[in-house]
Amino acid sequence: ASDLSSGINAEYGDRAGNCYWGDKQPCHSETGCSYGCHKRICWSQCNGACAIKVVMEKLIAEGGSIENFNDFWKIIMADGTNCVKCPEWCYVDDGSKGYQACSANSDCDSAKANQCLSHCAMF
């Protein structure tokens with residue numbers, strides 16, 4: 001398996017292998033998303049264009065067709081919040097449509113599973 005697709009088959013349990021930034025940043029092991037504090041705002045790994053590429057590679061490798069693309073997406077993403085191992089991230093919502101402020105990575109523990117407020121992109 002390629003680096004991009006490593007660990008994407010886990011449907012349940014520990015998904016820490018999907019945390020792209022590994023030991024350099026905190027990892028939410030339930031979702032496989034790295035997260036932390038950057039420029040005093042909480043961020044989280046997310047799924048953008050890279051995740052679509054991973055899904056398409058898996059679809060092709062397993063002989064699938066575009067008709068069952070949704071099934072592959074469900075397998076890889078489970079509940080839609082799990083990260084594929086890709087270098088994409090976003091600033092997260094504080095729950096009130098604002099950015100979650102922080103001064104250290106630990107300040108983002110409570111916001112690590114929040115939705116993106118900014119675009120999910122590779123920087």
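The analysis underlying the following values was restricted to heavy atoms, covering all of them including side chains, and did not include hydrogens, waters or symmetry mates. Throughout, residue positions are numbered sequentially from 1 according to the sequence presented.
In this structure a side-chain-to-backbone donor-acceptor pair under 3.5 Å is present from Asn47 to Asn82. Side-chain N or O atoms of Asn114 include one that pairs as donor or acceptor with a backbone N or O of Asp93 at under 3.5 Å.
For a disulfide, the SG atoms of both cysteines must be under 2.5 angstrom apart; this holds for Cys83 and Cys33. The SG atoms of Cys90 and Cys116 are placed within less than 2.5 angstrom of each other. Cys pair Cys19/Cys27: SG-SG separation is below 2.5 Å.
A heavy-atom distance below 4.5 Å is found between the side chains of Cys50 and Met122. Counting heavy atoms from C-beta on, the side chains of Tyr20 and Glu88 never come closer than 4.5 Å. Looking only at side-chain heavy atoms (C-beta outward), Pro87 and Trp21 come within less than 4.5 Å of each other.
With rounding to the nearest 0.5 angstrom, the OG atom of Ser118 is 6.5 Å from the CH2 atom of Trp89. In this structure, Ser34 OG and Asp23 CG are separated by 9.5 Å, a value rounded to the nearest 0.5 Å.
The side chain to side chain donor-acceptor pair (under 3.5 Å) search around Asp109 returns Tyr35, not counting sequence neighbours.
A continuous path of hydrophobic side-chain contacts links Leu117 to Ile41 [ILVMFWY only; heavy atoms under 4.5 Å].
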Report, one line per pair, each donor and acceptor closer than 3.5 Å where one atom sits in a side chain of residues 95-105; sequence neighbours left out.
from	atom 1	to	atom 2	distance (Å)
Ser103	OG	Asp107	OD2	2.9
Asn105	OD1	Cys37	N	2.7
Asn105	ND2	Gln25	OE1	3.4

